[in-house]
Protein chains: 2
Amino acid sequence: MGRTTPRRRDRIRAETSSEIKTIALKHLTAGGAEAVSLRAIAREMGMTASAIYSYFDTRDDLITALIADSYASLAGVMEAAGAGGSDTGAADRILAVATAYRQWAISHPEEFRLIYGDPVAGYQAPEDDAVREAEDRACAVLLRLVETGWPVPEHPAAEPYEWADFGDGYTRRVRELFPDLPPAAVALALRTWGRMHGQVALEIYGHLRAQLVDPAKLFRAEMLDLTRMLGADPTTSR
Amino acid sequence: MGRTTPRRRDRIRAETSSEIKTIALKHLTAGGAEAVSLRAIAREMGMTASAIYSYFDTRDDLITALIADSYASLAGVMEAAGAGGSDTGAADRILAVATAYRQWAISHPEEFRLIYGDPVAGYQAPEDDAVREAEDRACAVLLRLVETGWPVPEHPAAEPYEWADFGDGYTRRVRELFPDLPPAAVALALRTWGRMHGQVALEIYGHLRAQLVDPAKLFRAEMLDLTRMLGADPTTSR
DNA sequence: TCATTGACTAAATGCCGTTCAGTTCTTGTA
DNA sequence: TACAAGAACTGAACGGCATTTAGTCAATGA
């Protein structure tokens, strides 16, 4: 009964929907989020702006779709960088993922801003399943990095972590994927995220422009220290 | 010849200008950057939107003024936190500044987004003197933190830093304020910034909401490790 | 074959930033 | 004190925007 081949109408609909997204993405990368206007997209498609409402309930929904697609692209890049053959050292994998994160941000600045910034006014982080899934994928890459060096000696003064410290849904998904990792390891993965993110965010938003000639150099130094935090110091692991 | 008391007209002008900013800020905190509309501000002031153009050449200029004011407020909070009596340990001062940074962000989320995000479409980080000055003040607070624990043993694999690695103007201002600090210390201060910023940015933009029950706890752990990076481990300095 | 449904248009609503011509009133000076 | 200059402001307009609504038309599935 289940129909394998999509019906003609559904196919056309999917094509139009993806054409809208493609043009929207083009405008985004060309002129930032403000340039994503339903009228401009429709104009380019030879349609009326209101026609787009058959495909996206509102402009924000279209933006959310762009976020989901962009985040999936970032997650893919991170996964590829984190996969590295089994001959790759732990520190190298960490540096590879971090570099991939930064490089993706640099080559897709507007998409990065879309995901991690707030380019759409009054726009609250959407409760979108596709977005959450991409975020989980990115998170999983970091968890895999932590897993390699685990257990890492805790900072003496740090408070212990428990599962109750994390969101319910998140806890469930993490424990399913990484049954052997304790809560403290998850906390470490989130700290890793923050550490990678900090410098990249500052750089993308232009806050290191006047200070640094080569932001990559500072990022390398920071990520090198990160390997230590994850118990994968390159001086000992290679 | 120099007139000390401002003329009546100048005074009124300054008052109107600051009233515009006050209302703009009110709308910002209430509804995000999108809510800062010249028409809405003028409406509230009993004026026409075009009247505002006597005070700010464009909406973006008004936004830039808001950024400068907000950044100055953040810098002030950081300075206060970093001042701590001479009896305060180095680690405590670091934690105080970091906590101040995060707390300010949490209590002024829209201003934080204004400074470090990209709420205004197609808006490039302005080359505004007042903004740069506030950024320098915040930077100076971090440099003072680094200064306390300096010298910190470098990570073995890290590349050495030279003054040529930094922007010209920035280098000049830093060396004037901190004649004794070497380039590597400046690099460490910028890394400190990135590390503080990373988690706070993720939190403010809602990216830790689904994951963490208490983001402050993770931030504490990260900042505790930061004290180590700055050579001010609380276990040894207290 | 035919009623239904989805894609689409056209027009309108009410926002917005910005421009411009014209008005009013304050100001410093002749 | 009279007056020219200029600042502050109004009102109308332009072109842009998201969104809503009523209506058209053709593909669809029973």
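At the phosphate of dT27(C), neither OP1 nor OP2 sits under 4.0 Å from any side-chain N or O atom of Arg11(B). Contact annotation: Arg43(B) reaches the phosphate of dC16(C) (side-chain N/O to OP1 or OP2, under 4.0 Å). Residue Arg39(A) places none of its side-chain N or O atoms closer than 4.0 Å to OP1 or OP2 of dA18(D). For dC17(D), the OP1/OP2 oxygens have a side-chain nitrogen or oxygen of Ser37(A) closer than 4.0 Å.
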Side-chain donor/acceptor pairs under 3.5 Å, residues 22-32 of chain B, sequence neighbours excluded:
unit_1	atom_1	unit_2	atom_2	d
Thr22(B)	OG1	Ser18(B)	O	2.7
Lys26(B)	NZ	Glu44(B)	OE2	2.3
His27(B)	NE2	Glu44(B)	OE1	2.7
Thr29(B)	OG1	Leu25(B)	O	3.2
Thr29(B)	OG1	Lys26(B)	O	3.0

Distance-only donor-acceptor pairs under 3.5 Å for side chains of residues 185-204 of chain B, two or more places apart:
unit_1	atom_1	unit_2	atom_2	d
Arg191(B)	NE	Glu222(A)	OE1	2.6
Arg191(B)	NH2	Glu222(A)	OE1	3.4
Thr192(B)	OG1	Leu188(B)	O	2.8
Arg195(B)	NE	Glu222(B)	OE2	2.7
Arg195(B)	NH2	Glu222(B)	OE2	3.4
Arg195(B)	NH2	Asp225(B)	OD2	2.4
His197(B)	ND1	Tyr101(B)	OH	2.9
Gln199(B)	OE1	Phe219(B)	N	3.1
Glu203(B)	OE1	Arg102(B)	NE	2.9
Glu203(B)	OE2	Arg102(B)	NH2	3.0

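At the heavy-atom level, Thr58(B) lies under 4.0 Å from the strands shown only through sugar-phosphate atoms. Residue-level contact check: Thr48(B) touches the bases, meaning some heavy atom is under 4.0 Å from a base atom. If you check every strand for non-hydrogen atoms under 4.0 Å, Tyr55(B) touches sugar and phosphate atoms only.
One can place CE of Met47(B) at 11 Å from P of dA8(D), the figure rounded to the nearest angstrom. As a whole-Å value, the separation of His27(B) NE2 from dC16(C) C1' is 15 Å. Rounded to an integer number of Å, the gap from CD1 of Ile12(B) to P of dC25(C) is 14 Å. The distance between atom CG of Leu38(B) and atom C1' of dC16(C), rounded to the nearest whole Å, is 9 Å. In this structure, the CG atom of Asp60(A) is 11 Å from the P atom of dA18(D), given to the nearest Å. Rounded to whole angstrom, the span from the CD atom of Glu34(B) across to the C1' atom of dC17(D) amounts to 13 Å.
Checking dT19(C), dT21(D), dC17(D) against every side-chain atom of Ser50(A), the shortest atom distance belongs to dT21(D). In this structure, the nucleotide among dC8(C), dA18(D), dT18(C) sitting nearest to the side chain of Tyr53(B) is dT18(C). When distances run from any side-chain atom of Ala51(A) to the nucleotides dA7(D), dT9(C), dA7(C), the shortest one goes to dT9(C).
Not less than 6.0 angstrom separates the ring centroid of Tyr205(A) from the ring centroid of Tyr116(A).
Figure legend: Lys21(B) and Phe56(B) shown without cation-pi pairing, the cationic atom not lying both under 6.0 angstrom from the six-membered ring centre and within 45 degrees of its axis.
Closest approach of Thr58(B) and Tyr53(B) over heavy atoms only: CA-CE2, 4.2 Å.
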